[in-house]
**Student:** 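One structure follows; several queries about it will come next.
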Amino acid sequence: MHTGFARWIQREMAADPEFGFSAYVDGIEGVRLLGAALDRHGPPLPVLVEVGHAGGRTGCRTRAQVLAVARAAAAEPALAVVGVAAYEGSVSHARTPEALAEVSGFLRTVRAAMSRIADEGLLDTRAGTGEWLVSCGGSIYYDIVARELAHGWGGNGAVPGLTPDTPNGRPVRLLLRSGAYSSHDDGLYARLAGKRPAHRGWRPPSRCGPR
């Protein structure tokens with residue numbers, strides 16, 4: 001995230017308590033840049049630790065990386081860890097039983113990452129979200145995401161170790177993101193998941209470089 005944009009977000013949060021925003025973090029250097037750019041006396045910026053996989057685009061690749069980034073974010077006064085995020089669409093591009101099993105396995109590592117962060121006491125109640133977040137989706141596997149992550153977080157939806165009766169107890173909300181089917185990659189989504197584009201954009205071609 002651009003540090004100037006992060007400062008703008010923090011100012012918006014200070015001006016409007018209902019303004020909601022969460023940023024992804026997947027590296028200690030990025031966490032430190034964000035922490036240094038923000039006002040430590042302002043409202044803390046909610047962050048989600050991004051969980052990735054080998055060969056994926058972004059995100060922490062290992063359990064050790066997840067915890068290291070979460071600990072670094074928790075140590076920054078201007079940041080507040082409120083959950084995890086992931087993108088399962090890069091795990092596979094098929095709906096075969098083998099592909100679905102692979103995606104399910106990855107989503108279980110996302111669940112485990114959330115539980116480990118909670119067990120270490122790294123979730124931060126200073127963020128005014130009122131709930132912990134798990135953000136996934138944006139692929140042809142939205143049904144698998146819902147099956148693996150929508151339920152089973154403990155009593156009344158709480159993360160294991162954080163029940164509603166404890167000071168840190170908050171429900172876990174699965175944020176199921178929409179995906180590229182809405183405006184592009186619709187051929188893939190139509191073929192594999194029966195999705196249709198929500199809109200279609202047209203623009204004249206542009207030309208770069210000398211004639």
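Keep in mind the model is a prediction, meaning the values are calculated, not measured. Atoms considered below: every heavy atom in the structure, side chains included; atoms not considered: hydrogens, waters and symmetry mates.
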**Student:** May I ask you to decide whether Arg71 forms a salt bridge with Glu120, counting only side-chain N to carboxylate O separations under 4.0 Å?
**Tutor:** yes
**Student:** Minimum heavy-atom separation for Ala94 and Leu100, please, with both atom names.
**Tutor:** O-CD2, 4.5 Å
**Student:** Check the hydrophobic clustering (I, L, V, M, F, W, Y; side-chain heavy atoms under 4.5 Å; chains of links allowed) and say if Ile28 and Ile117 are grouped together.
**Tutor:** yes
**Student:** Got a donor-acceptor contact below 3.5 angstrom from the Arg116 side chain to the Leu67 backbone?
**Tutor:** no
**Student:** Which atom names give the shortest non-hydrogen contact between Ala113 and Val51, and what distance separates them?
**Tutor:** CB-CG2, 3.8 Å
**Student:** Using a 6.0 Å cut-off, check whether atom CZ of Arg126 has over 12 heavy atoms from anything other than its own residue.
**Tutor:** yes
**Student:** Mind checking the CD-CG spacing from Glu102 to Leu107? Nearest 0.5 Å is all I need.
**Tutor:** 11.0 Å
**Student:** How long is the gap from OG on Ser139 to CD on Glu88, to the nearest 0.5 Å?
**Tutor:** 3.5 Å
**Student:** Kindly indicate whether the side chain of Val91, heavy atoms from C-beta on, has any atom under 4.5 Å from the side chain of His53.
**Tutor:** yes
**Student:** If hydrophobic clusters are built by linking Ile, Leu, Val, Met, Phe, Trp and Tyr wherever their side-chain heavy atoms come under 4.5 Å apart, do Leu175 and Val134 end up in the same one?
**Tutor:** no
**Student:** Minimum heavy-atom separation for Phe106 to Tyr87, with atom names?
**Tutor:** CE2-O, 3.9 Å
**Student:** Distance-only, no hydrogens or angles: does the Arg111 side chain make a donor-acceptor pair with backbone N or O of Gly152 under 3.5 Å?
**Tutor:** yes
**Student:** Using the rule that two of Ile, Leu, Val, Met, Phe, Trp, Tyr join whenever any of their side-chain heavy atoms come within less than 4.5 Å, decide whether Leu33 and Leu45 are in one cluster.
**Tutor:** no
**Student:** Does Glu76 use its side chain to pair, donor to acceptor, with the backbone of Arg32 at less than 3.5 Å?
**Tutor:** no
**Student:** For Leu176 and Gly137, which heavy atoms make the closest approach, and how far apart are they?
**Tutor:** CD1-CA, 4.0 Å
**Student:** Between Tyr141 (side chain) and Ser92 (backbone), is there a donor-acceptor pair under 3.5 Å?
**Tutor:** yes
**Student:** Distance alone, cut at 3.5 Å: any donor-acceptor contact between the side chains of Ser135 and Tyr24?
**Tutor:** yes
**Student:** With heavy-atom distances below 4.5 Å as the criterion, would you say the side chains of Trp132 and Val81 are in contact?
**Tutor:** no
**Student:** Please name the pair of heavy atoms, one in Leu133 and one in Ser22, separated by the smallest distance, quoted to 0.1 Å.
**Tutor:** CD1-OG, 3.7 Å
**Student:** At their closest point, which heavy atom of Pro77 faces which heavy atom of Pro44, and how far apart are they?
**Tutor:** O-CB, 4.1 Å
**Student:** To the nearest 0.5 Å, tell me how far His2 NE2 sits from Leu34 CG.
**Tutor:** 11.5 Å
**Student:** Hey, mind stepping through Asp143 and Arg95 against salt bridge (charged side-chain N to carboxylate O under 4.0 Å, His left out) and telling me if it holds?
**Tutor:** CA-CA 11 Å; Asp143 54 329; Arg95 296 280 303 187; 2.9 Å; yes
**Student:** Quick one: do Leu38 and Arg7 satisfy side-chain contact (heavy atoms from CB on, under 4.5 Å)? Show the steps, please.
**Tutor:** CA-CA 6 Å; Leu38 296 172; Arg7 288 190 290 269; 4.3 Å; yes
**Student:** Can a donor-acceptor pair be found, under 3.5 Å and without considering hydrogens, that links the side chain of Gln10 to the backbone of Asp39?
**Tutor:** yes
**Student:** Are any of the side-chain heavy atoms of Glu50 and Val84 separated by less than 4.5 Å?
**Tutor:** no
**Student:** Can you tell me how far apart CG (Asp26) and CG (Leu48) are? Round to the nearest 0.5 Å.
**Tutor:** 11.5 Å
**Student:** Any donor and acceptor pair, going by atom type alone, linking the side chain of Arg61 with main-chain N or O of Gly56 inside 3.5 Å?
**Tutor:** yes
